[in-house]
Amino acid sequence: MKNEVIIHLKDVAKFYRIGEKNMVKAVDGIDLKIKKGDFVAIMGPSGSGKSTSMNLIGSLDVPTKGSIYLDGKDISHLSESDLAELRGKKIGFIFQQFNLIPNLTVRENVMLPMDFQGIPIWEMKQVAEKILKKIGLGDRMDFYPNQLSGGQQQRVAIARSLANDPEVILADEPTGNLDSKTGETVMGFLEELHAEGKTVIMVTHDPDLAKEHARTVYWLKDGKIEKITKKRVK
Amino acid sequence: MVNYFSFSLKNLKRRGIRGWLTLLGIFIGIVVVIALVTLGNGFKEVVGAQFGVSSTQTITVQAGGLNYGPPGSTVVNPLDKEDAEAIERLSTIEFAVTRNIEFLEVEYNDKLVFGGVVSIEADSARDQYEVMDLESQSGRLLKRGDLGKVIVGSNYEDPDKNGFDREVTVGKNLLIGGDKFLVIGVLERKGSFFIDNAIMMMDQDLEDLAGYGDEVDIIAVKVKGKDLVEKAKEDIEKLMRNRRDVKEGEEDFVVSTPDALLDQVNSILTSIQIFIIIIASISIVVGAIGIVNTMATSVVERKKEIGIMKAIGARNSHIFLMFLVESGFLGLVGGILGIIFGVTIGTLGIWQINNLIGADTRISINFILILVTLIGSFLIGAVAGIVPAMGATKQSPVEALRG
């Protein structure tokens, strides 16, 4: 089980055309296999291609070259809508900017990913409330995002990412907009999810954060994997 | 399926004044259509009541055309009593009565108004009452020998409507054209502006006041049977052409059947309505373009939101429907407001007409029209939202997330 590959990027490249002739090779031949239940960090300075890799891993974008397998299925050629449905089910996103929908309540924000999967409303409500209680926001369910602190908003985002019980949690600089103490709480939640068996992938530029929490760290530079470090499980 | 409904309503709620202003076009268009239709039905009922001649077997003959001015105004070649006699001799005709209408000063309670005064011929009084379907609600009708006496329409009893600030009842004296007349009867209410505001006196009296000699304004004709109306009309036209020596197509007189009169007035009303509805449609089209514009702006403003939704699993169809429903609601809000204002204006208008001319038009709200308008305004909004909604789905999630 632990050795099963959930996401496989096979010789993946992503090029962007800038102007008439210039081609930016954001990601240039990455090969990585993420195992189920792993805690992975994608590390690198800005311009290293980590955002692009995150988009590719999260199936937000399709590669120019190479193939991406999610749970053994080649998703590089899926239509945008099919891709959306798939990632809605299998991947939960946590963003640096929290990215909650401002005019939906906390509860509704958490219900939204389930809504896109066609889950009946009573079930959505039940699940959303359960997750929110678990994450300590049981008393904030009817609040709007702008009535919450940054840490609370990020917890709502975590709750939302869990809505469809995905196998993979993809966090893009999850602590980037938080003070260190709140950041620690958020990382605590990610650790907890990892302990529950979720595959957690975190994109960060903070080497300490990566080293402290991740079991596998991919170090990117100039669109290529520079090195991979693994931490022994305690 | 996604709670588009509540989500759209929430999105609408946070719209600023600018978003709502784009609804003006739809709003005005729908107000106009609804008000016009409400008023229009009222108008038609009023007109119907005005020409509500009791029997459909009645034909009227007038000199000139309908457009030559109101009865009583001078026309070039007036009708006379001999015309009526000739018409009465036609085989299809039961009888023909003449009628003169003069507008004279009427004084009562030291107040002066202009009133329409209708002549009643001594020989044919009963026939007159029959074609106009007149009954008295108090006192009695005029008959031979009733010189110096009048009967009045029901509005004369109402101090608010007669202009005298005091009710005119049986036994009162009116000063008409300077002469004193005793009111001996009040007519039953007809719902017709003309009859409810009319004074009737013996032909001899009116001739003394107005001096029209043998000329008559209107010849009212009763046909022997309903199915003979068209035939009788042709007979009268032929006879009158001969008597007045005019060719077919150049008639200087008008023979109208009640149906034809109603048709004519209705067709004028209808063409006015069509014209205004065309203008209202233009307003609605402009409004729809406004919705296209505001929705397109909305797509740009909510680019990031679209990105987030796509990231968490929204298919293109979800995004499309979301914007489409919102756009539809935008149109619907314009429609609801338009209906409320339109019905209000139409109702007030009818109420005003009733007050002004003393008609009894019922306020008829067309619920089918309202339903169609509600659905239509939603559809207009939705159709206007199609292109912006398609634009929203075209955002790539990565691009959209960048904001």
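Computed from a predicted structure; not experimentally measured. What you see below is based on every heavy atom in this structure, not just the backbone, and it leaves out hydrogens, waters and symmetry mates. Naming: A, B, ... by sequence-line order, numbering from 1 per chain.
For the set A:Asp61, A:Asn99, A:Leu60, the entry with the most heavy-atom pairs within less than 4.5 Å of chain B is A:Asn99. With chain B as the partner, the residue from A:Ser81, A:Pro166, A:Gly88, A:Pro102 showing the most heavy-atom pairs under 4.5 Å is A:Ser81. Interface summary for chain B: among A:Ile91, A:Leu170, A:Ile101, the most heavy-atom pairs under 4.5 angstrom belong to A:Ile101.
Within 6.0 Å of NE2 on A:His8 lie more than 12 heavy atoms contributed by other residues, nucleotides or ligands. Taking a 6.0 Å sphere around CZ of B:Phe341, one finds it holds 12 or fewer heavy atoms contributed by other residues, nucleotides or ligands.
Between B:Ile308 and A:Phe93 there is no side-chain heavy-atom pair separated by less than 4.5 Å.
Interface residue A:Glu85: backbone and side-chain heavy atoms are both found under 4.5 Å from chain B. Contact of A:Asn55 with chain B is made through the side chain alone, with heavy-atom distances under 4.5 Å. Looking at A:Tyr144, the atoms closer than 4.5 Å to chain B (heavy atoms on both sides) all sit in the side chain, from C-beta outward.
Considering all non-hydrogen atoms of both residues, B:His318 and A:Phe116 come closest at CE1-O, 3.3 Å. Nearest approach of A:Ala84 to B:Ala314, heavy atoms of both residues: CB-O, 3.2 Å.
Note that CD1 of B:Ile312 and OG of A:Ser161 are 10.5 Å apart. Values are rounded to the nearest 0.5 Å.
B:Lys310 has a carboxylate O that lies under 4.0 Å from a charged side-chain N of A:Glu80, or vice versa, which qualifies the two as a salt bridge.
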